[in-house]
There are 2 protein chains.
Amino acid sequence: MQTLSKNQQIIFDLINKSPEPLKAYTILYNVQKKGIKAPLQVYRALDKLVEIGKIHKIESRNAFIACHNSSCQVAKATAFSICEICEKVTEISNDSLSKYLANFKDKDGMKYIKYNLEFFGLCKKCKVK
Amino acid sequence: MQTLSKNQQIIFDLINKSPEPLKAYTILYNVQKKGIKAPLQVYRALDKLVEIGKIHKIESRNAFIACHNSSCQVAKATAFSICEICEKVTEISNDSLSKYLANFKDKDGMKYIKYNLEFFGLCKKCKVK
DNA sequence: TTAAGATTGTTATAATATAACACTATGTAA
DNA sequence: TTACATAGTGTTATATTATAACAATCTTAA
C-alpha cells in the first residue's frame, strides 16, 4: 500500500467518494479549487492510480471509478456491469468468473494475465421502470 | 445480411482488408480519395457497422476491426486478445468462453446479454523476442 | 406517389488525451 | 551529508477522438 502524492491523493479522494464513474474533465473542474489547473495534472494522477490499482478505467465510458475489489489487489483483472440506461457501474467480484478468466487459454494455448470485461444490461431499478 | 450504403461499404472494405485495427482518422485519411471528407461521415458509418455487427470497436484502443466470428452473428458478445507490444488484435471465438459469459449471473442473479472482453498479453511472436 | 426513415454533405465545435520543457521533491547509496 | 536517480509538479501548446446542428438526397414500403 504505497503513499500517494498530493495530486494523486486529491484525485483519488474525489473518485473514491463518487457514487458514479468520473470523467477526466469532470475531475478537473472539481479539483481546480485545490490547485490542480491543467488536464495533464489530472491525467498523470489518473495514470498512476490506474497503474497501482487504486482506480479502474471504464474503457467504454472513458471514466474512472475507485477499486472496490478486495482492497485493490486485482489491478489487472477487472470486470464491471454497466447499466445502459442510468449508467450505473458496479465492479464485479466473483471468484468463479475471475478464476475462469485467469485460467482461460486461447486456441494456441495462450494465457493472459490481464483482462478487462464489461457487461452491459439494465440494473435492477431500470429494469422495473 | 443487409446491404450497406455507399459510405458504409467503402469503410467496411477498408477495415475488412486491414490486418490490424484501424482508427477513425486513419480511416478518414484512407478514404478521402473516395470522396469521404469529414470525420462525421466516417463516424456515422462506423456506428452503423458496429450496430449491425460487421465490425467491432476495440475500446481500449479506440480502433475498429472487422468481425471474423461466425459471419458476424455475434455483435453483442465480443472477446479479443491484444498484444501489448505489437498491438496485434485477434477476435476470440471460443464456445466455452461465450457460453460461460452468456450464462454468467452476478450476485443479484442478473444476466447480461451484452459484453465486451479484452485480454492483454504478448502474442506468440513477441513472446519469443 | 408519397411520406417516413435512413443516409449524405458540410461547417463548426466539443470532449478526450498527450508532447515538450523546466523545475521541485523524495529516497537511496556512497 | 552529498549527490544521484527517480518520481512528481506546473505550464503552454497541441494532438486525437467524437458529436451538434442543419439542409439536402436517397430508399423503400404502403
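First the proteins, then the strands, lettered A, B, ... as listed; each starts at 1.
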Q) Should the pair A:Glu20-A:Lys88 be classified as a salt bridge under the 4.0 Å nitrogen-to-oxygen rule? A) no
(Q) Applying the 5.5 Å / 30° rule, does A:Tyr25 stack onto the base of C:dT16? (A) yes
Q. Between B:Gln32 and B:Lys37, which heavy-atom pair has the shortest distance, and what is it?
A. NE2-O, 3.8 Å
Q: Would you tell me if any nitrogen or oxygen in the side chain of B:Asn7 comes within less than 4.0 Å of OP1 or OP2 on C:dG9?
A: yes
Q.
Counting the atoms with a prime plus P, OP1 and OP2 as sugar-phosphate, which does B:Gln8 contact under 4.0 Å by heavy atoms, base, sugar-phosphate, or nothing?
A. sugar-phosphate
Q | Phosphate OP1/OP2 of C:dT16: any A:Lys23 side-chain N/O under 4.0 Å | A | yes
Q: Rounded to the nearest angstrom, tell me the gap between atom CD1 in A:Ile52 and atom C1' in D:dT6.
A: 16 Å
Q) Under 4.0 Å between a side-chain N/O of B:Gln41 and OP1 or OP2 of C:dT8, yes or no? A) no
Q: To the nearest Å, give me how far apart CD (A:Gln32) and C1' (D:dG10) are.
A: 14 Å
Q) Nearest-Å distance, CD (B:Glu51) to P (C:dA6)? A) 9 Å
(Q) Please determine whether a side-chain nitrogen or oxygen atom of A:Ser5 lies at a distance below 4.0 Å from atom OP1 or OP2 of C:dA25. (A) no
(Q) Taking the minimum atom-to-atom distance to the side chain of B:Arg44, which one of D:dC22, C:dA17, D:dT11 wins? (A) D:dC22
Q | For atom CZ of B:Arg61 and atom P of C:dA17, their distance in whole Å | A | 13 Å
(Q) From NZ of A:Lys34 over to P of D:dG10, roughly how many Å is that when rounded to an integer? (A) 14 Å
Q | Side chain of A:Asn62 (C-beta onward), nearest among D:dT11, C:dT7, C:dT16 | A | C:dT16
Q) If you measure from the Lys or Arg side-chain nitrogens to the Asp or Glu carboxylate oxygens, is any gap between A:Glu84 and B:Lys114 under 4.0 Å? A) yes
Q: Provide, to the nearest angstrom, the distance between the OH atom belonging to A:Tyr43 and the P atom belonging to D:dT16.
A: 15 Å
Q: Please work out which of the three classes, parallel, tilted or perpendicular, describes the rings of A:Tyr115 and B:Phe119, given edges at 30° and 60°.
A: perpendicular
Q: Send over the distance from A:Lys37 NZ to D:dT9 C1', rounded to a whole Å.
A: 12 Å
Q) Are B:Leu101 and A:Phe104 connected in a single hydrophobic cluster, I mean Ile/Leu/Val/Met/Phe/Trp/Tyr linked by side-chain heavy atoms less than 4.5 Å apart? A) yes
**Q.** Closest-nucleotide 5' rank along DNA chain D - winner of B:Pro39 and A:Leu40
**A.** A:Leu40
**Q.** Whole angstrom value for the distance that separates P of C:dA6 from NZ of B:Lys48
**A.** 7 Å
(Q) Does a side-chain N or O of A:Lys6 approach OP1 or OP2 of D:dA7 to a distance below 4.0 Å, or not? (A) no
